[in-house]
Amino acid sequence: MSEDILERLREAVVNYDVESAVELSREVIRIGFDPLKAIEQGLGDGLRVIGDKFEAGEIFLPMLMIAAQAMKESLAILEPALGKGKSRKTLGKVVIGTVEGDIHDIGKSIVAAMLTANGFEVYDLGSDTPTSKFVDKAKEVKADIVGMSALLTTTMTKMAEVINALKKAGLRGNVKVIVGGAPVSGAYAEKIGADAYAEDAIASVDVVKKLMGK
Ligand code: B1M
């Protein structure tokens with residue numbers, strides 16, 4: 001049954017079937033299936049298949065957008081269930097966003113949801129976030145962590161810009177920086193002077209806890 005629903009979620013995204021993806025996400029909640037597994041191994045797998053097809057030139061942007069819409073509408077249903085049963089005490093303040101010039105926000109939103117679910121106070125700046133907005137928000141809320149996501153090789157360079165701007169604003173001593181996203185790696189994080197890199201949403205929780213000394 002569980003494998004079946006994962007397969008059906010995958011198929012709904014691969015077949016650009018927004019309605020089925022939404023209906024299946026409601027079913028995930030109804031039957032008490034793990035929402036994170038549904039996101040990562042069902043919908044996420046489907047979206048990766050679509051990404052590969054797009055890269056291979058087999059499909060065009062409008063189709064990619066419909067598949068992404070299926071993921072987004074499903075996330076709206078599944079995300080609220082991620083935090084169920086977790087304690088609400090705040091482990092720290094995290095300002096998170098996708099860097100400037102980059103509109104990919106699905107992975108970043110999952111990371112934000114997982115951190116919220118695990119007790120962090122998260123300020124999600126959305127996508128295409130100007131460098132100054134990261135700095136201003138970190139200052140305003142006295143953030144412990146700034147998290148940046150990038151999905152494009154052309155925008156990942158913005159991460160270094162934000163780190164430099166945090167330094168210039170005198171915040172770097174108090175604020176740790178974590179980066180992630182498909183083209184980003186541990187080596188890249190080190191190169192630009194970030195404190196940490198996380199490969200996926202689950203890893204990000206442990207990494208951020210470690211950065212906070214928890
Ligand atoms: Co775009 N896109 N896209 N896209 N898109 C990619 C990234 C691409 C690899 C597709 C491809 O060619 N195979 C390619 C980038 C190539 C490159 O730079 N090397 C690409 C391109 C080229 C583009 C456009 C330029 C296309 C165009 O216009 N010609 C354009 C970009 C516009 C812009 O940003 N300025 C574009 C647009 C779009 C859509 C709007 C259609 C849509 C985004 C919708 C949205 O996000 N609201 C879209 C999508 C859906 C994708 C793919 C198919 C899927 C991305 C995704 O959501 N994955 C993607 C192909 C791929 O990644 N294989 C692709 C699922 C998500 C759960 O995974 O985001 O990796 P991910 O997040 C993971 C981890 O990376 C990690 O945890 C997450 C959860 O486990 N993680 C973090 C992410 N952020 C983190 C932060 C952390 C820690 C971990 O700490 C802070």
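FYI, the numbering just counts along the sequence from 1. Remember, it's 1-based here, ligands and their atoms both numbered in the order they're listed. Every heavy atom of this structure was used, including side-chain atoms; hydrogens, water molecules and symmetry mates were not.
You'll find the side chain of E121 stays beyond 4.5 Å of the side chain of V141, heavy atoms only. No side-chain heavy atom of D128 sits under 4.5 Å from any side-chain heavy atom of T98. Contact check for I110 versus E40: side-chain heavy atoms found under the 4.5 Å cut-off. The closest side-chain heavy-atom distance from I145 to M212 is below 4.5 Å.
Distance screen at 4.0 Å: atom 50 (C) of ligand 1 has a protein heavy-atom neighbour inside the cut-off. Shown here, atom 64 (C) of ligand 1 is in close reach of the protein: a heavy atom of it lies under 4.0 Å off. Distance check on atom 39 (C) of ligand 1: every protein heavy atom falls at or beyond the 4.0 Å cut-off. Distance screen at 4.0 Å: atom 24 (C) of ligand 1 has no protein heavy-atom neighbour inside the cut-off.
Set against the non-hydrogen atoms of I178, the atoms of ligand 1 under 4.0 Å away are 90 (O), 91 (C). Ligand 1 places these atoms under 4.0 Å from at least one heavy atom of D102: 34 (O). For ligand 1, the atoms lying closer than 4.0 Å to a non-hydrogen atom of A198 are 88 (C), 89 (C). Within ligand 1, the atoms closer than 4.0 Å to a non-hydrogen atom of G147 are 91 (C), numbered from 1 in the order shown.
Nearest protein heavy-atom contact of atom 9 (C) of ligand 1 is L151 O, 4.9 Å. Shortest contact from atom 43 (C) of ligand 1 to any protein heavy atom: H104 CD2, 3.6 Å. In terms of protein heavy-atom proximity, atom 35 (N) of ligand 1 is nearest to G101 O, 2.9 Å. Here the heavy atom of the protein found nearest to atom 41 (C) of ligand 1 is M65 CG, 3.3 Å. The protein heavy-atom contact nearest to atom 67 (C) of ligand 1 is I110 CD1, 3.7 Å. At the shortest separation from atom 61 (C) of ligand 1 among protein heavy atoms lies G51 CA, 4.8 Å. Here the protein heavy atom with the shortest distance to atom 10 (C) of ligand 1 is F54 CD2, 3.8 Å. The nearest protein atom to atom 73 (C) of ligand 1, hydrogens excluded, is given as G107 CA, 4.2 Å; this is a heavy-atom distance.
Checked for salt-bridge contact, R8 and D4 meet the test: a charged N lies under 4.0 Å from a carboxylate O. A salt bridge between R10 and D45 is present, with a side-chain N of the basic residue lying under 4.0 Å from a carboxylate O of the acidic one. Electrostatic pairing of E140 and K137 counts as a salt bridge here, judged by a charged N lying under 4.0 Å from a carboxylate O.
Summarising the geometry, atom CD1 belonging to I192 is positioned 11.5 Å from atom CD belonging to E161; distances are rounded to the nearest 0.5 Å. The CD atom of E79 sits 11.0 Å away from the OG atom of S25 when rounded to the nearest 0.5 Å. The structure places OG of S20 at 10.0 Å from CG of L9, a figure rounded to the nearest 0.5 Å.
Between A150 and P183 the shortest heavy-atom distance is O-CD, 3.2 Å.
For the pair A201 and ligand 1, the shortest N or O to N or O distance falls below 3.5 Å. Between I103 and ligand 1, a contact under 3.5 Å exists for at least one N or O pair. Ligand 1 has no N or O atom lying under 3.5 Å from any N or O atom of T154, backbone or side chain. Backbone and side-chain nitrogen or oxygen atoms of E40 are examined, and one is located within less than 3.5 angstrom of a nitrogen or oxygen of ligand 1. Polar contact with ligand 1: present for S149 (N/O pair, distance under 3.5 Å).
Only the backbone of E199 comes within contact range of ligand 1, with a heavy atom under 4.0 Å; no side-chain atom does. Under 4.0 Å from ligand 1, the heavy atoms of L61 that appear belong solely to its side chain. By the criterion of a heavy-atom distance under 4.0 Å, both the backbone and the side chain of L152 are placed next to ligand 1. The proximity of D105 to ligand 1, defined as any non-hydrogen pair under 4.0 Å, involves the side chain as well as the backbone.
Counting heavy atoms only, L64 comes closest to atom 53 (C) of ligand 1 of the residues T98, L64, V111. Evaluated by nearest non-hydrogen atom to atom 85 (C) of ligand 1, the leading choice among A112, G57, G180 is G180. Residue T153 holds the heavy atom nearest to atom 18 (O) of ligand 1 of all those in D128, I66, I50, T153. Of all the listed residues (S127, P183, G181), G181 holds the heavy atom that lies closest to atom 81 (N) of ligand 1.
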side-chain contact (heavy atoms from CB on, under 4.5 Å) for F54 and L61? Distances and angles first, verdict last. CA-CA 7 Å; F54 178 70; L61 194 58; 4.1 Å; yes
Apply the test side-chain hydrogen bond (donor to acceptor under 3.5 Å, both in side chains) to residues D105 and S127: give CA-CA distance (whole Å), side-chain angles for both, the deciding distance (0.1 Å), then the verdict. CA-CA 6 Å; D105 68 350; S127 60; 4.6 Å; no
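Residues L151 and F134 do not share a hydrophobic cluster, clusters being chains of Ile/Leu/Val/Met/Phe/Trp/Tyr side chains in contact below 4.5 Å.
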